[in-house]
Amino acid sequence: MTSEQKLQAYYFLKLNRALEERLLSFYKQNKVVGGLYRSLGQEAISIGSAMALQPQDWVAPLIRNVGAFLVRGYRPRDLFTQYMAKATSPTCGRDCNTHFGDIQRGVVAPISMLGAMIPVMVGVGWGSRMQGVDRVGLTYIGDGGTSTGDFHEGLNLASVWKAPMVLIAEHNQFAYSTPTSKQMAITDLVDRAKAYAIPAEIVDGNDVLAVFAATGRALEHARSGQGPYFLECKTMRMRGHAEHDDARYVPAELLEQWRGKDPIERFTRQLLDEFGFAPEQLSEQDERVKVLIEEDAEFADNSPYPDGSGALGGVFAS
Ligand SMILES: Cc1ncc(C[n+]2csc(CCOP(=O)(O)OP(=O)(O)O)c2C)c(N)n1
């Protein structure tokens, strides 16, 4: 990363976290429709990977990839209004949370079925190749999601066709309340990719620079016609599955251990101690985050709910 990119990464990490903290307040005020799924402790994965994409690449972010939406140009207000089902949201209140996208921004709208976006993004990569377009499809999966049929079918197809697809597995130790040890008989998710002859790397998911660099390698590999690439980002889910889940099944020592590896605190220390940034350069970014979050939270809070009569608009192609 250049110095400019490092500051940008810092900005997006802080924006990602501040956005979710503000959403938590809305949730406690009963203003969020449905659950609130957070990426606390995992922000470096979304930010580092999305920043490595080229403008022409397409990404399908999942529920814990709010950061990827931000890097692709969405504003906090888009997430606030989606979570609050407001008429001003990207789906005009028809759908919630991260179920939205825009092909113009290279964001493919995800659906909830775990693994389902993998074959879709294999198709994006393969279709682009057929059209002679330089485009890689990138998506994410949780550790639990790597046990689905779509994951295995998607990876197999990608490998056989050498589709330009990058898959980032966020190994955050738990699939809802199921620890990885009760989910699979292997320790590292990369073994699943290797079974399909897909090159795979284990990455420190709490290190934004490591994620950025590894995603760069993965994209380069896919872009050069060598086929898919798999990254396993080791991390920890620092909240429950969603805010309704108090995660009492997670051992306190495990959380404590990971608290010391917080990706934002760690990157901040690096910027100051290792890369020589001045504290004022970071506080300038903090101020930008604060102003934008306040402005967009107010926008979302004051936005109306959709008018029921328009519910069917935009559902079917005309
Ligand atoms: C095919 C499928 N099965 C079950 C679910 C319900 N479900 C949603 S998230 C989740 C746990 C996901 O765990 P993991 O893939 O590890 O991701 P994480 O939540 O830890 O980020 C489950 C079981 C679903 N959405 N899709």
Side-chain angles (χ1 to χ4, degrees), residues 16-17 19-20 23-24 27 32 34-50 59-69 79 83 95-101 108-122 138-155 167-193 200 202-206 211 230-251 254-255 258 261-263:
N16 187 155
R17 187 161 293 179
L19 187 161
E20 291 184 9
L23 268 174
L24 184 60
Y27 181 81
V32 164
L36 171 57
Y37 306 83
R38 297 189 58 190
S39 61
L40 186 70
Q42 300 182 215
E43 297 96 336
I45 301 171
S46 299
I47 305 296
S49 57
V59 59
L62 301 191
I63 202 81
R64 301 201 200 283
N65 305 119
V66 157
F69 282 99
L79 277 306
Y83 263 102
D95 210 335
C96 285
N97 54 61
T98 59
H99 295 149
F100 66 102
V108 180
I111 52 169
S112 289
M113 281 58 92
L114 299 173
M117 295 316 288
I118 299 170
V120 171
M121 297 314 279
V122 173
L138 181 146
T139 190
Y140 305 86
I141 192 74
D143 36 270
T146 68
S147 296
T148 61
D150 274 350
F151 170 91
H152 292 275
E153 293 175 35
L155 282 198
L167 182 59
I168 299 191
E170 300 194 58
H171 191 167
N172 67 2
Q173 317 300 327
F174 284 84
Y176 216 125
S177 57
T178 308
T180 313
S181 58
K182 289 193 177 164
Q183 167 89 226
M184 57 193 79
I186 52 172
T187 311
D188 300 318
L189 304 178
V190 285
D191 292 344
R192 295 196 151 171
I202 293 177
V203 185
D204 179 344
N206 287 24
V211 175
F230 183 95
L231 299 177
E232 173 182 0
C233 294
K234 304 268 193 195
T235 188
M236 175 69 192
R237 199 194 66 199
M238 299 302 288
R239 300 288 293 182
H241 175 66
E243 286 304 314
H244 58 258
D245 165 24
D246 66 7
R248 69 185 66 178
Y249 48 82
V250 176
L254 191 60
L255 280 173
W258 281 92
K261 300 184 198 171
D262 182 84

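As the structure lists them, so they are numbered: ligands from 1, and atoms in each ligand from 1.
At the shortest separation from atom 17 (O) of ligand 1 among protein heavy atoms lies G142 CA, 3.6 Å. Of the protein's heavy atoms, L114 CD1, 4.2 Å lies nearest to atom 23 (C) of ligand 1. Closest to atom 20 (O) of ligand 1, if we only count protein heavy atoms, is F174 O, 2.8 Å. Of the protein's heavy atoms, R64 NE, 3.5 Å lies nearest to atom 18 (P) of ligand 1.
Atom numbering of ligand 1 starts at 1 in the shown order; those under 4.0 Å from a heavy atom of S112 are 24 (C), 25 (N), 26 (N). Short contacts between ligand 1 and N172, defined as distances under 4.0 Å to a heavy atom of the residue, involve ligand atoms 18 (P), 20 (O), 21 (O). Close contacts of ligand 1 with M113, meaning ligand atoms under 4.0 Å from a residue heavy atom, involve 26 (N). Near G144, with a cut-off below 4.0 Å to any heavy atom, the atoms of ligand 1 are 14 (P), 15 (O), 16 (O). Those atoms of ligand 1 with a heavy atom of H241 less than 4.0 angstrom away are 9 (S), 10 (C), 11 (C), 19 (O).
Of the protein's heavy atoms, at least one falls inside 4.0 Å of atom 1 (C) of ligand 1.
Ring centers of Y27 and Y83: at least 6.0 Å apart, outside the cut-off.
Looking only at side-chain heavy atoms (C-beta outward), T146 and M184 come within less than 4.5 Å of each other.
T98 OG1 to I111 CD1: the interatomic distance, rounded to the nearest 0.5 Å, is 11.5 Å.
Among residues at least two apart or in separate chains, there is no salt bridge (Lys or Arg N to Asp or Glu O under 4.0 Å) pair with a member in residues 109-121.
Using cut-offs of 30° and 60° for the angle between ring planes, the F100 and F69 rings count as parallel.
With respect to Q42, the side-chain hydrogen bond (donor to acceptor under 3.5 Å, both in side chains) criterion is satisfied by exactly one of N16, T235, N206, N172: N172. The residue from Q173, M236, M238 that alone fulfils the side-chain contact (heavy atoms from CB on, under 4.5 Å) condition with V250 is M236.
The heavy atom nearest to atom 15 (O) of ligand 1, out of those in G145, G35, S39, is found in G145.
Between D143 and ligand 1, a contact under 3.5 Å exists for at least one N or O pair.
Counted by atom type alone, S112 and H99 present one or more donor-acceptor pairs between their side chains at under 3.5 Å.
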